[in-house]
Enquirer: 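Sharing a structure below in structure tokens format, with a few things to ask.
Order of the sequence lines fixes the chain letters, A, B, ..., with proteins taken first and strands second; residue numbering starts at 1 for each chain.
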Amino acid sequence: MQGLLNSLRRTDYTKNITPELSGEDVIIMGWVHEIRDLGGIVFVLVRDKDGLIQITAPSKKVDPEILEEIRKFRKESVVAIEGTVQKSDKAPNGVEIIPRKIEMLNLAQQPLPMDPTEKVRAEIDTRLDSRFLDLRKANISSIFKIKSQMFHTIRDFFYENGFVEINTPKLVASATEGGTELFPITYFEKEAFLGQSPQLYKQIMMSSGMDKVFEIGQIFRAEEHDTLRHLNEAISIDAEASFMDDVDMMEVLNNMIKQVIIDINEKCSDELNTIGHEIPIPEDPFPKVTYDEAVDIVNSKGVEMEWGEDLSRAAEKALGDTVGGFYFLTEWPSAIKPFYVMPLESDPKKSHAFDLMYDNLELSSGATRVHQYDLLVTQIEERDLNPGAFGSYLKSFKYGMPPHAGWGVGADRLTMVLTGVNNIRETVLFPRDRHRLTP
RNA sequence: GCCCUGGUGGUGUAGGGGCUAUCAUGUGGGCCUGUCGAGCCCGCGACUCGGGUUCAAAUCCCGGCCAGGGCGCCA
């Protein structure tokens, strides 16, 4: 039986074709990047996943049919080219291919909706409308190769540290957790919502005896925000561990972030180079700044902030300018944190909650959780929520819930830090924001 | 959601009551044997939508939609 490509198979990626292969026969497959027809000689640049190679067709050396085929090329068409590698000082990277056989696999229509060679820069909106073309640019695909390595390292890190990977439902029954707006959906005859966070599920898992769990998954928030750092669908990296507290989990988070940066420097140096970004390996431990200290810093910078308030954008910027890099904000006021956060024994107005910041960007929130049933019910009531709506969650606290702590990291925001982009949409293949639902 | 700014060929732009609507890139055709942002010649292609003002609107006014920036919201 023969497949669509018959016997035609790629022998090499363009990146691996070096002058040392001179004289060898190769088959490459990819996209027509540029065509320069000089009449008696035609140059074509063919691009594949991470490189470019020049195809050189001099009329005296190649079959006239080959030249005829090449003249039918249009930019971004998909082609297969069989030919001989030739070392040449005049070719880019000192190497080119003299074609012997050409297969047009798919002709691209013209004009293109945007220019992947970036002679004319497109705006992000135009780029997202044609994201598949946008991703053909090395500087854009590099962001996602770095993001992929980030997830790879994070999974390795969790597995090496004894965490079990879990998946919790994204279709949830109620909006009772409070806080953010949820997307309502129709679930047969019932009303349901898209999950805003795996928080309650990963806590229930602490009562399962699995000890340490993590989840990497989508979260949905129906807020009408319109900023460079918010999306309505995001990826959250969530971790929860029993018999650990906020201090332990800050250390886990610190170690994980550091390992991600080490690995990306080591394994994604080409991609970092392509996007022109450097991420120095941070010194640890990351500094810890208490909320009390943060209020003083913010006020000393001329930004008004009362104790008990959440950070305004101006406050975040003041802190970022003063502290900078990765740092933890600790001992948040209990009142502005969720019901499941453990208050300080010495001063219940403050809590065992922390945020991880990078400059002025919040990357993560975490805390020691309340594991005592009665205290949890009290804190739910204090926030004017109905404990009755938390039945299946609260149940797991009645029959042996261990002390535990955890955090959630915004994966797309972490990617922003790793790649140095200033718009979170750059870090998501197909972002969902206030206005965009396609592609 | 609020404030500010904007929306002109496929893309990125100039212009700002009466113009044949600028330029680049692209695209179609032609010339050219070492291009590499190739070059040269010829052609193609646009004023966000709906109202209003005016003899006349791409241009001014109002509204919608969309975008950029800032803020808010974001347990």
Enquirer: Can a side chain N or O of A:Thr126 be found less than 4.0 Å away from OP1 or OP2 on B:rG12?
Expert: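 Checking A:Thr126 against B:rG12: at least one side-chain N or O falls below 4.0 Å of OP1 or OP2.
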
Enquirer: Looking only at side-chain atoms of A:Lys75, point me to the closest of B:rU33, B:rU27, B:rU35.
Expert: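 For A:Lys75, the side-chain atoms sit closest to B:rU27.
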
Enquirer: Quote, to the nearest angstrom, the C1' distance that separates B:rU8 from B:rU25.
Expert: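 Looking at atom C1' only, B:rU8 and B:rU25 are 16 Å apart.
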
Enquirer: Across the strands shown, which category fits A:Leu45 at heavy-atom distances under 4.0 angstrom: base, sugar-phosphate, nothing?
Expert: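 If one applies the 4.0 Å heavy-atom cut-off, A:Leu45 turns out to touch nothing in the nucleic acid.
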
Enquirer: Using a heavy-atom cut-off of under 4.0 Å over every strand shown, decide if A:Glu224 touches base, sugar-phosphate, or nothing.
Expert: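 The answer is base, as A:Glu224 lies within the cut-off (heavy atoms under 4.0 Å) of a base atom.
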
Enquirer: Taking the P atom of each, how far is B:rU11 from B:rG26, in whole Å?
Expert: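 It comes out at 15 Å once rounded to the nearest Å.
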
Enquirer: Please measure how far the P atom in B:rG12 lies from the corresponding atom in B:rG52, and state the result in whole Å.
Expert: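 Result for the P pair: 32 Å, nearest Å.
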
Enquirer: Using a cut-off of 4.0 Å on non-hydrogen atoms, how would the nucleic acid contact of A:Thr227 be classed: base, sugar-phosphate, or nothing?
Expert: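 Base contact.
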
Enquirer: With distance as the sole criterion, do the side chain of A:Ser197 and the base of B:rA75 form a donor-acceptor contact below 3.5 Å?
Expert: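 Present.
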
Enquirer: Heavy atoms under 4.0 Å, any strand shown: does A:Arg221 hit a base, just sugar-phosphate, or nothing?
Expert: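 Base contact.
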
Enquirer: Are A:Arg121 and B:rU25 close enough that a side-chain N or O sits under 4.0 Å from OP1 or OP2?
Expert: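 Indeed not, no polar side-chain atom of A:Arg121 lies that close.
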
Enquirer: What's the closest nucleotide to the side chain of A:His230 if the choices are B:rC74, B:rG34, B:rG72?
Expert: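 From the listed options, B:rC74 comes nearest.
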
Enquirer: Need to verify one output field. Residue with the more 5' nearest nucleotide on RNA chain B, A:Lys60 or A:Ala314?
Expert: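 Looking at RNA chain B, the more 5' nearest nucleotide goes with A:Lys60.
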
Enquirer: Give A:Thr117 one of three labels, base, sugar-phosphate or nothing, depending on what nucleic acid heavy atoms sit under 4.0 Å from its own.
Expert: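 Nothing, no nucleic acid heavy atom in range.
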
Enquirer: For side-chain contact (heavy atoms from CB on, under 4.5 Å), just list the numbers for A:Ile35 and A:Arg71, CA-CA rounded to whole Å, side-chain angles, deciding distance to a tenth of an Å, and then say yes or no.
Expert: CA-CA 9 Å; A:Ile35 308 159; A:Arg71 292 208 159 99; over 6 Å; no

Enquirer: For A:Asp310, report the nucleic acid contact type (base, sugar-phosphate, nothing); a contact means any heavy atom under 4.0 Å.
Expert: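 Nothing, no heavy atom under 4.0 Å.
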
Enquirer: Using ring centroids (six-membered ring only for Trp), state whether A:Phe220 and A:Phe183 fall under 6.0 Å.
Expert: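 So the answer is no for these two rings.
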
Enquirer: Below 4.0 angstrom from OP1 or OP2 of B:rA24, is there any side-chain N or O of A:Lys119?
Expert: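 Checking B:rA24 against A:Lys119, no side-chain N or O comes under 4.0 Å of OP1 or OP2.
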
Enquirer: For A:Ile336, report the nucleic acid contact type (base, sugar-phosphate, nothing); a contact means any heavy atom under 4.0 Å.
Expert: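 The answer is nothing, as A:Ile336 stays clear of every strand by at least 4.0 Å.
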
Enquirer: Cation-pi between A:Lys288 and A:Phe354: NZ/CZ under 6.0 Å from ring centre and within 45° of the ring axis?
Expert: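 That pair does not qualify as a cation-pi contact.
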
Enquirer: A:Arg436 near the nucleic acid: base, sugar-phosphate alone, or nothing, with a heavy-atom cut-off under 4.0 Å?
Expert: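 Contact class for A:Arg436: none.
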
Enquirer: Under 4.0 Å between a side-chain N or O of A:His435 and OP1 or OP2 of B:rA67?
Expert: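 Checking B:rA67 against A:His435, a side-chain N or O does come within under 4.0 Å of OP1 or OP2.
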
Enquirer: Is any side-chain N or O of A:Gln54 under 3.5 Å from a base N or O of B:rU35, one able to act as donor and the other as acceptor?
Expert: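 Side chain to base: pair found, below 3.5 Å.
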
Enquirer: Which part of the nucleic acid does A:Glu96 contact within heavy-atom distance under 4.0 Å: base, sugar-phosphate only, or nothing?
Expert: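 Base, at least one base atom sits under 4.0 Å.
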
Enquirer: Among the candidates B:rG72, B:rG34, B:rU11, find the nucleotide nearest to the side-chain atoms of A:Ala122.
Expert: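 Of B:rG72, B:rG34, B:rU11, B:rU11 is nearest to the side chain of A:Ala122.
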
Enquirer: With nearest nucleotides of RNA chain B determined for A:Pro113 and A:Arg71 from heavy-atom distances, which residue corresponds to the more 5′ nucleotide?
Expert: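 Nearest-nucleotide comparison on RNA chain B picks A:Pro113.
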
Enquirer: Can a salt bridge be assigned to the pair A:Arg10 and A:Asp48 using a cut-off of 4.0 Å between side-chain N and carboxylate O?
Expert: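 The answer is no: the pair does not qualify as a salt bridge.
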
Enquirer: NZ of A:Lys349: more than 12 outside heavy atoms within 6.0 angstrom?
Expert: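 At most 12 heavy atoms, drawn from other residues, nucleotides or ligands, come within 6.0 Å of this atom.
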
Enquirer: If you measure from the P atom in B:rG28 to the same atom in B:rG34, how many Å do you get, rounded?
Expert: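 After rounding to an integer number of Å, I get 24 Å for this pair.
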
Enquirer: Under 6.0 Å between the ring centres of A:Phe326 and A:Tyr358?
Expert: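 Yes - the distance between ring centres of A:Phe326 and A:Tyr358 falls below the 6.0 Å cut-off.
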
Enquirer: Looking only at the side chain of A:Glu123 (C-beta and beyond, no hydrogens), which of the listed nucleotides B:rG72, B:rG10, B:rU13 gets closest?
Expert: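 Selected nucleotide (nearest to the side chain): B:rU13.
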
Enquirer: With a 4.5 Å heavy-atom cut-off, do A:Lys72 and A:Leu107 have their side chains touching?
Expert: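 A side-chain contact under 4.5 Å is absent here.
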
Enquirer: Would one find a side-chain N or O of A:Arg74 under 4.0 angstrom from OP1 or OP2 of B:rG26?
Expert: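 No, because none of the side-chain N or O atoms of A:Arg74 sits under 4.0 Å from OP1 or OP2 of B:rG26.
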
Enquirer: So what does A:Lys317 hit on the nucleic acid, given a heavy-atom distance under 4.0 Å: a base, only sugar-phosphate, or nothing?
Expert: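 Sugar-phosphate, backbone atoms only, no base.
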
Enquirer: Do A:Gln199 and B:rA75 have a side chain to base donor-acceptor pair shorter than 3.5 Å?
Expert: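 No such pair is found, so the answer is no.
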
